[in-house]
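One structure below.
Lettering follows sequence order; numbering is per chain, from 1. The figures that follow rest on heavy atoms only: side chains count, while hydrogens, waters and symmetry mates do not.
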There are 2 protein chains.
Amino acid sequence: MSQDVTRQDQRGNTSVTLKDIAIHAGVSRSTVSLVLRESPLVAERTRLKVQRSIKALGYVYNRGAATLRGSRTSTLGVVVYDIANPFFGAMVAGIDAALNREGYVSFLANSEDSPARQQRFLERMREHSVDGILLCPAEGTDPTLIDTIDNWGMACVQVLRHVAEPPFDYASANFHQGVCQAMDHLVGLGHRRIAFLGGHSEHSATRERWQGYKASLEHHQLTYQRSLRSTVTRCDGIVMIEQLMTESPAPTAVICHNDLVAFGAMLGLKRLGLIPGVDCAVIGTDDVEEASLSDPALTSIATHPYAIGEEAARLALRRIANPEGTREQVVLSPRLQIRNSCGAARPTSNVTLSNHAAGDHG
Amino acid sequence: MSQDVTRQDQRGNTSVTLKDIAIHAGVSRSTVSLVLRESPLVAERTRLKVQRSIKALGYVYNRGAATLRGSRTSTLGVVVYDIANPFFGAMVAGIDAALNREGYVSFLANSEDSPARQQRFLERMREHSVDGILLCPAEGTDPTLIDTIDNWGMACVQVLRHVAEPPFDYASANFHQGVCQAMDHLVGLGHRRIAFLGGHSEHSATRERWQGYKASLEHHQLTYQRSLRSTVTRCDGIVMIEQLMTESPAPTAVICHNDLVAFGAMLGLKRLGLIPGVDCAVIGTDDVEEASLSDPALTSIATHPYAIGEEAARLALRRIANPEGTREQVVLSPRLQIRNSCGAARPTSNVTLSNHAAGDHG
DNA sequence: GCTAACTTTTAGATCAATCTAAAAACAACC
DNA sequence: GGTTGTTTTTAGATTGATCTAAAAGTTAGC
């Protein structure tokens, strides 16, 4: 070959384009493009010839150029509000796995529950023309945001929390049902004074837990009703349990907004000289990996973050493929993971470990 | 305005381009482009006029198109090997914060320590023409990969582990020093038989810990040397400690590859009827949020994942701005976070919580 | 009023793909 | 050989921003 088919960029990288391959294979650019996109129009002989040239020249597909003309970018934006929380780590792993199977890649942003940060990221995503957004809405998100994103031409799946009016695409756990399961368990163990340590923020995931608590109280005809609202860190768990246990009558069991609060509650009980699981039963929510590690091991409402991530990603891909399809809600049922924090069913040493080993994500 | 300046895409979205703005403002496309990029060439009056048109028409910058002609995409690829691990959650939060400040966004992938998955993702990143890569190399990564990425014209910063030959860009914690600090602490408490529960994988982060252990044994002239190599989950911690404690002589203290192994070791001690911190001291590595939560609270070598993430991202941005600059190694010094697992300095109830509250990332 | 030296603006090519509509190649049939 | 009907291939327009090189507009100096 005497012709020079490649060029160099400012850093000395050779850049092979469709045109170079077309010349090398002796066909037109159009044909090469068809081969790349696996069009059935191309004759077998031609396809093989072109594929050989692609290999020979070390061609790299340029998605930037393709995006300009085409309509898809094979990219998604993902917004979470606390990536440092192990729950979201598992969820992102699930998203990653589902997207990877379909050749998609995702931008990730951590809103830190700030609507302003969230907005900045979404606008950047728009400039990058992502095909869709997985949005765990920051607290205080304007409900019209979902419509706005839709008007931008991007599929939007709300995850864990929802702020818009139905119908919308949504993937989450059934928090209402989860709290009811925990209540049933406690009532079954003989508890009659069950308190709820919940979040104070105004969004769906908090609301659903409250509703579950109230509905279950009614269902079991319990008259003791006590709940505290606060932020949801370990410290808050300590503060809340210390307040509750000095009341009279004190609760005999608490259900917590998440595992962090539950860990705090157990620490708080110990500080008061009380034994978690004996003097007061404790149930958490999420079943993070660390739940099996506390002392006593924490009974928790398993919300399956990895599975939620997978479902959310798959729903987004469905919506991208069919933008006008009917909106879907994928709401997974939680499962109560029973351990020792509601009265020792088993001694500490028999803590279930195998289903929480690192790398075990279904 | 009688002219129709907008068009609609297949979903009914209006798409405003430079040309539309140029017409609206009565200038050329070139001028609008200069205004967008804040060029000092444009006269003040013109700039204001154009900016008004941009606002009026609701223009959205199209990065896909800009990328085609320009050289930067303002995107980065991030590869970690276990996003479900809280350590990486915190690290990714640090990366996100540093990139956000500079208008960058990042693609995230979870290699699950599979070089094949890692390779697939990197090739996708190449198609998307990211400006750089933050790579926590999967175990078994070919050392030439770093050069390959460099030849692709992308900045590559290795994070936590390094596989290439120097010089390279690298951000991590000083694991050698961290282990030495832990050893000093234990020796200061009177321990003479200190074992090491380490990783079996062959990469730099594991090697450096071993070297720290050996160097410190020599420095303190300790003759007892005992170490186990294994994978690094909680279960492995249990298995390893159970083996060690049945030996004679048994160690009086262990230093663990990470906090998960340390948690496992403490659980294992309890199973044997031994008390962690009394019958055997335990030190972990990383100081994840959960370290303050265990019983006893875990003394741990704090490796500051959030800060490592920030530093790695900033280093990548420096390298993108100056591709031919000299390679840098940013190696942060760890700090030994002393709690109760090496003999109770304080009662459990005084566990330090404030510096581990959610959202507190320096 | 003319030239020189700036400052500001612009036309048109370019980047690397996709898409449309038409041309070319080939086969089958009368 | 010409017509019809497929199957393949292709030229050229298009996408939206950037870049280059030149044109147009200003100002200053003599």
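Under a 3.5 Å cut-off, the side chain of B:Asp169 and the backbone N or O of B:Glu328 do form a donor-acceptor pair. In this structure, A:Asp131 contributes its side chain and A:Thr73 its backbone to a donor-acceptor pair below 3.5 Å. Judged purely by atom type and a 3.5 angstrom limit, B:Arg319 uses its side chain to pair as donor or acceptor with the backbone of B:Thr326. Put simply, the side chain of A:Asn110 gets close to the backbone of A:Ile83: a donor and an acceptor are under 3.5 Å apart.
Between A:Ile23 atom CD1 and C:dA17 atom P the separation is 13 Å, expressed in whole Å. Atom pair B:Arg47:CZ and C:dT7:C1' shows a separation of 14 Å (rounding to whole Å applied). Rounded to whole angstrom, the span from the CG atom of B:Leu48 across to the P atom of C:dT8 amounts to 13 Å. Rounded to a whole Å, the CG atom of A:Asn62 is 18 Å from the P atom of C:dT14. In this structure, the CZ atom of A:Arg69 is 15 Å from the P atom of D:dA17, given to the nearest Å. Nucleotide D:dG16 holds its P atom 14 Å from the CZ atom of A:Arg126, rounded to whole Å. Here D:dT18 presents its P atom at 14 Å from CZ of B:Arg72, a figure rounded to the nearest Å. The NZ atom of B:Lys19 sits 11 Å away from the C1' atom of D:dT14 (whole-angstrom rounding).
Here A:Thr17 does not reach the OP1 or OP2 of C:dC15: none of its side-chain N or O atoms lies under 4.0 Å away.
Ionic pairing of A:Glu311 and A:Arg314 is present here: one or more N-O contacts between side-chain nitrogen and carboxylate oxygen are shorter than 4.0 angstrom.
The nucleotide whose nearest atom lies closest to any side-chain atom of A:Leu68 is, among C:dA17, D:dT15, D:dT10, D:dT15.
Ring geometry, B:Phe88 versus B:Tyr81: the interplanar angle exceeds 60°, so the pair is classed perpendicular (tilted spans 30 to 60°).
When each of B:Phe107, B:Phe121, B:Trp152 is checked for a ring-ring contact (aromatic ring centres under 6.0 Å, His included) with B:His128, only B:Phe107 meets the rule.
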**Request:** Show your working on salt bridge (Lys or Arg N to Asp or Glu O under 4.0 Å) between A:Glu44 and A:Arg47 and close with a plain yes or no.
**Result:** CA-CA 5 Å; A:Glu44 189 60 19; A:Arg47 190 207 327 287; 3.1 Å; yes

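For residues 29-46 of chain A, proximity to DNA chain D is found at A:Arg29, A:Ser30, A:Thr31, A:Leu34, A:Leu41, A:Val42, A:Ala43, A:Thr46, defined as any non-hydrogen atom under 4.0 angstrom from a strand atom.
Five base pairs at each end of the helix from C:dG1-D:dC30 to C:dC30-D:dG1 define two local axes, and these are offset by 60° (rounded to 10°).
Heavy-atom minimum distance, B:Ser15 versus B:Asp20: O-OD2, 3.7 Å.
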